[in-house]
Amino acid sequence: MKIVKISGLVLLIVFVVVQFVPTSLNQSDVIPPTDIMKTYDVPKQVEAIFKTSCYDCHSNNTNYPWYNKVQPMAWLLEDHINKGKEELDFSDFGSYSKRRQKSKLKSIRSQIEDDEMPLSSYTLIHRDAKLSESDKVMVVEWVNKIIDSL
Amino acid sequence: MKKMKNLKKSMAVMLLLVGSFAYAQHDHSKMEKSHKMGEKKMMVNEGHDLKTEAILKDYFSLKNALVKDDAKMAAEAGSKLAISLKAFNMKTYTSEQQKELTDIIEDATEHAEHIAKSDIGHQREHFKTLSIDVTDMVTITGTKNTLYQQFCPMYDKGSAWLSSSNEVKNPYYGSKMVKCGKVQKEIN
């Protein structure tokens, strides 16, 4: 019984201490010139879809949920966002080579068509990020247009 | 008694949190390790011709794995290919060629890395663009051996790949339609 109490206390202390470890926020007020919105002529509706459903993990500006205030959730989110941006960063899209842009657009198309993105674990909490069939068609049509122009 | 129950509950929650954090850290260290291994390989071989041939060799083992519908073998070939792509040395090329090659290698490496961790459907999608990259690379670097550019009109509105033999074995469909396609072009 004593052991249970002590280890509980230790965990509680760890939990409290861990709250003071800082994480850097992925947020920015400036839209860089390399942002896909500045690189290409993106229709308003497609822009809105990208911003609601993709930008949290694939740009330099995340709209954080409340639980980002609590560790270790903040770390998990930071890790997720870093991985997401490494894979595809819409804020940096214009700096990619044309070849890489084309590859990324193809992957965007295939991920959306196969319902792999946005992640279901993400849309579970962010209900508005879920793509409807017409959203998907709109994005895919635009992506195809850009691929053909490259 | 009630207090005890509460304590247990909060402990369980904390354990879960600590556990999930430890898992995230673990993932990180694994990534770092594989990165270091890639660097080490880079120091070993010299000579750009050899490096082009090494890339082609890994590309062909990847292609053969896809012909056999073997996702595991394709994944292994994908990681090998990523390493030989990173080892590519472009010093002997003109600055214009170097720029083109840098773009090609960067894009191809990303495809190879994805192939290393995807299911066979995605592996084939990436293989399509990877094949364009490798073909463009060979246009600049040349190669010792004769290559055959083959083409399947059915997969994704028509897709090409390279082979070291003129016999068609389709990497996009594997056993389903292994003979689908034709030789489009002989390189070298």
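Residue numbers start from 1 in every chain, and the chains themselves are labelled A, B, ... in the order their sequence lines are given, proteins ahead of strands.
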Min side-chain heavy-atom separation [X]-[Y] under 4.5 Å:
X: B:E110; Y: A:S103; answer: no
X: A:K106; Y: B:E125; answer: no
X: B:H122; Y: A:S110; answer: yes

**Message:** Please give me the minimum heavy-atom distance between B:D107 and A:R99, naming the atom from each residue.
**Reply:**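 Residues B:D107 and A:R99, closest heavy atoms: OD1-O, 3.7 Å.
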**Interchain contact, B:D133 with chain A, by part (heavy-atom threshold 4.5 Å)** =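 The answer is both parts of B:D133.
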Taking [atom1] in [X] as the centre, count heavy atoms belonging to other residues, nucleotides or ligands within less than 6.0 Å. Is the count above 12?
X: A:K136; atom1: NZ; answer: yes
X: A:Q27; atom1: CD; answer: yes
X: A:K38; atom1: NZ; answer: yes
X: A:H126; atom1: NE2; answer: yes

**Request:** First locate atom OG of A:S97, then atom CD of B:E100, and finally report the distance between them rounded to the nearest 0.5 Å.
**Result:**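 That separation rounds to 9.0 Å.
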For the hydrophobic clusters of this structure (ILVMFWY residues joined by side-chain heavy atoms under 4.5 Å, transitively), does one cluster hold both [X] and [Y]?
X: B:I132; Y: B:L130; answer: no
X: B:F151; Y: B:V183; answer: no
X: B:I104; Y: A:L105; answer: no

Chain B heavy atoms under 4.5 Å from [X]: which part of the residue, side chain, backbone, both or neither?
X: A:K98; result: neither
X: A:Q111; result: side chain
X: A:E116; result: side chain

**Request:** Flag the one option from B:H114, B:H111, B:H126, B:K128 with the top tally of heavy-atom pairs under 4.5 Å to chain A.
**Result:**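 Among the listed options, the one with the most contacts to chain A is B:H114.
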